[in-house]
Amino acid sequence: MKNPLLFYRNMNNIEKEIKKFLKPDMEILSFKFNDKADFLRITIDSMNSISVDDTSYIVKKIKNDDMIMSNFPNGLKIEVGTPGIDSSLIKKFQFAKNVGRKIKLEYKDNVKSNNDSFYLADANDSHIVVEKFSKKMNIKYENIINAKVEISFAK
């Protein structure tokens with residue numbers, strides 16, 4: 001049985017090492033390891049687009065890093081990807097990246113939780129500005145429970 005504390009420390013060190021392979025504007029959104037299958041899934045995002053070449057480069061760098069690979073004597077399966085279209089927005093830059101789009105937003109105000117669709121008009125360091133029926137509303141990030149870009153396919 002693996003020592004959970006040691007395993008956790010190793011995974012933190014591995015995540016820090018992997019961050020060195022990212023472009024300066026990229027961030028790790030999720031870092032999940034399945035120790036039963038020796039499978040590492042990393043989700044990254046950026047204000048700029050991320051190409052397949054970018055994700056392939058990161059996988060190659062991980063596979064060629066002795067510090068990382070020495071932790072996996074049975075080998076390691078790696079998947080590096082970007083958030084899917086149904087993924088929640090979790091970082092401030094993701095909101096800024098999606099200004100001008102319609103979002104499904106669950107948020108709390110002083111009284112209760114709310115769930116509605118809005119046009120994302122703006123995003124800054126402290127809050128987002130959403131609009132519905134020409135009425136604008138500021139919502140602080142800490143009051144956002146969940147937010148997803150609404151995808152529509154127009155004819």
> Are the side chain of K77 and the backbone N or O of A37 linked by a donor-acceptor pair below 3.5 Å?
Replying inline: yes
>> When you measure from the side chain of D38 to the backbone of N34, do you find a donor-acceptor pair of N or O atoms at a distance under 3.5 Å?
In response: no
>> Would you say that K60 contacts F21 through its side chain, given a criterion of any heavy-atom pair below 4.5 Å between the two side chains?
In response: no
> Considering residues, nucleotides and ligands other than K61, do more than 12 of their heavy atoms fall under 6.0 Å from its NZ?
Replying inline: no
>> Under 6.0 Å between ring centres: does that hold for F33 and F72?
In response: yes
>> Hydrogens and angles aside, do N114 and D109 bring a side-chain donor and acceptor to less than 3.5 Å of each other?
In response: yes
> More than 12 heavy atoms of other residues, nucleotides or ligands under 6.0 Å from NZ of K92: is that the case?
Replying inline: yes
>> side chain to side chain contact (heavy atoms under 4.5 Å, CB included) for F93 and E27? Distances and angles first, verdict last.
In response: CA-CA 10 Å; F93 78 85; E27 285 192 43; 3.5 Å; yes
>> Taking the side chain as everything from C-beta on, heavy atoms only, tell me whether D65 gets closer than 4.5 Å to K63.
In response: no
>> Assess whether a salt bridge exists between K97 and D45, defined as any Lys/Arg side-chain N lying under 4.0 Å from an Asp/Glu carboxylate O.
In response: yes
>> Does any part of the side chain of E17, heavy atoms only, come nearer than 4.5 Å to the side chain of I62, both counted from C-beta?
In response: no
> Is E150 salt-bridged to R101, going by a charged N under 4.0 Å from an acidic O?
Replying inline: no
> Can you tell me how far the CD1 atom of I42 sits from the CZ atom of F31, to the nearest 0.5 Å?
Replying inline: 5.5 Å
> Under a single-linkage definition using a 4.5 Å side-chain heavy-atom cutoff for Ile, Leu, Val, Met, Phe, Trp and Tyr, are I103 and Y119 assigned to the same hydrophobic cluster?
Replying inline: no
> Hey, mind stepping through S117 and L105 against side chain to side chain contact (heavy atoms under 4.5 Å, CB included) and telling me if it holds?
Replying inline: CA-CA 6 Å; S117 293; L105 185 63; over 6 Å; no
> Does the side chain of Y141 reach to within under 4.5 Å of the side chain of Y107, using non-hydrogen atoms?
Replying inline: no
> Does the K148 side chain pair with the main chain of D86, one donor and one acceptor, at a distance under 3.5 Å?
Replying inline: yes
> When clusters are formed by joining ILVMFWY residues with side-chain heavy atoms under 4.5 Å apart, either directly or through shared neighbours, do I144 and V129 land in the same one?
Replying inline: no
> Does V99 belong to the same Ile/Leu/Val/Met/Phe/Trp/Tyr cluster as I128, with side-chain heavy atoms less than 4.5 Å apart forming each link?
Replying inline: yes
>> Under a 3.5 Å threshold, yes or no: a donor from one side chain and an acceptor from the other, between S126 and N124?
In response: yes
> For the residue pair V80 and I78, what are the closest heavy atoms and their distance?
Replying inline: CG2-CG2, 4.0 Å
> Linking I/L/V/M/F/W/Y whenever their side-chain heavy atoms sit closer than 4.5 Å, directly or via other members, would M47 and I85 fall into one cluster?
Replying inline: no
> Once you round to the nearest 0.5 Å, how far does CD1 of I44 lie from OG1 of T82?
Replying inline: 7.5 Å
> Does the side chain of E79 reach to within under 4.5 Å of the side chain of L40, using non-hydrogen atoms?
Replying inline: no
> Roughly how far, to the nearest 0.5 Å, is the CD1 atom of I145 from the OG atom of S88?
Replying inline: 11.5 Å
> Between V130 and I139, is a side chain to side chain contact (heavy atoms under 4.5 Å, CB included) present by the stated rule, with each step listed?
Replying inline: CA-CA 8 Å; V130 292; I139 300 173; 3.9 Å; yes
> So, are D54 and K23 salt-bridged, with charged N and O less than 4.0 Å apart?
Replying inline: yes
> Should F39 and I18 be counted in the same cluster of Ile, Leu, Val, Met, Phe, Trp and Tyr side chains packed under 4.5 Å apart?
Replying inline: no
>> Looking at every non-hydrogen atom in both residues, tell me the closest pair between M26 and I58 and how far apart they are.
In response: SD-CD1, 4.2 Å
> Are the side chain of Q94 and the backbone N or O of I90 linked by a donor-acceptor pair below 3.5 Å?
Replying inline: yes
> Going by heavy atoms in the side chains, are L29 and K91 under 4.5 Å from each other?
Replying inline: yes
> Would you call K132-D116 a salt bridge at under 4.0 Å N-O?
Replying inline: yes
> Yes or no on side chain to side chain contact (heavy atoms under 4.5 Å, CB included) for V149 and L120, after CA distance, side-chain angles and deciding distance?
Replying inline: CA-CA 9 Å; V149 175; L120 181 58; over 6 Å; no
> With distance as the sole criterion, is a donor-acceptor pair present between the side chains of K140 and N138 under 3.5 Å?
Replying inline: no
> Looking at side-chain heavy atoms only, is the closest gap between I28 and L22 below 4.5 Å?
Replying inline: yes
> If every non-hydrogen atom of M67 is compared with every non-hydrogen atom of N71, which pair is closest and at what distance?
Replying inline: O-ND2, 2.8 Å
